[in-house]
Amino acid sequence: MAAGFREGDPVVYVVTKQSERPGPRAAHVHPAPQGETYRYEVEKYWRVKEVLPDGKLVLMTRRGKEHTCAPGDPKLRKPSLFTRLFRASRFPEKPS
């Protein structure tokens, strides 16, 4: 078990993005110096697919993509009770 994460656990990963039009879930929106684009953060609702022997986590998105991440990554956190209850549909199904 790596930093309290186990296979099947839901997780929230904060992704930094940049575009001309931030979406409705964008947070911490900041304009670029020239003012043509915006930099912002979006919370992604993923699930732990596997804990590797070296402690790294394989995270699974709702569409089946996989990302490898260290359990101590500051962008990774466990979801709050509110998030687990009211945003449960945003997390992918548990892996079989």
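Positions are given from 1 along the sequence. Every heavy atom of this structure was used, including side-chain atoms; hydrogens, water molecules and symmetry mates were not.
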Query - Common cluster, Leu57/Leu52, ILVMFWY with side-chain heavy-atom separation under 4.5 Å - result: no
Query raised in the report: Side-chain heavy atoms under 4.5 angstrom apart, residues restricted to Ile, Leu, Val, Met, Phe, Trp, Tyr: same cluster for Tyr13 and Phe5?
Result: yes
Requested in this report: Verify the cluster assignment for Leu81 and Phe86: are they in a single hydrophobic cluster under the rule of side-chain heavy atoms below 4.5 Å apart?
Outcome: yes
Report summary line: Interatomic distance, CE@Met60 vs NZ@Lys65, rounded to 0.5 Å, equals 14.0 Å
Report task. Quickly, which of Lys17, Glu20, Arg21, Gln18 forms a side chain to side chain donor-acceptor pair (under 3.5 Å) with Thr37? Name it, please. Result -> Gln18
Query raised in the report: Hey, what do you get for OG1 (Thr68) to CD (Glu50), rounding to the nearest 0.5 Å?
Result: 9.0 Å
**Report entry** Joint cluster assignment, Val15 & Tyr45, ILVMFWY side-chain distance < 4.5 Å
**Finding:** no
Query raised in the report: Of the non-hydrogen atoms in Pro79 and Arg84, which two are nearest, and what is the gap between them?
Result: CG-CG, 3.6 Å
Requested in this report: Answer with yes or no whether the hydrophobic clustering places Trp46 together with Val58; edges join I, L, V, M, F, W, Y residues whose side-chain heavy atoms lie under 4.5 Å apart.
Outcome: no
Requested in this report: Of all the heavy-atom pairs spanning Gly4 and Asp9, show the shortest one and how long it is.
Outcome: O-OD2, 3.7 Å
Query raised in the report: Which atoms form the tightest heavy-atom contact between Tyr40 and Tyr38, and what is the distance?
Result: CD2-O, 3.7 Å
**Report entry** Residue pair Arg77 / Glu43, side-chain heavy-atom distance below 4.5 Å
**Finding:** yes
Query - Exceeds 12 heavy-atom contacts within 6.0 angstrom, atom CZ of Arg39 - result: no
Report task. Indicate yes or no: at least one non-hydrogen side-chain atom of Lys44 is less than 4.5 angstrom from one of His67. Result -> no
Query - Lys75 and Thr16, any side-chain heavy atoms less than 4.5 Å apart - result: yes
**Report entry** Which atom of Arg47 lies closest to which atom of Val11, heavy atoms considered
**Finding:** N-CG2, 4.2 Å
Query raised in the report: Where is the tightest heavy-atom contact between Cys69 and Leu59, given as atom of each residue plus distance?
Result: CB-CD1, 4.0 Å
Query raised in the report: At their closest point, which heavy atom of His30 faces which heavy atom of His28, and how far apart are they?
Result: CD2-O, 3.1 Å
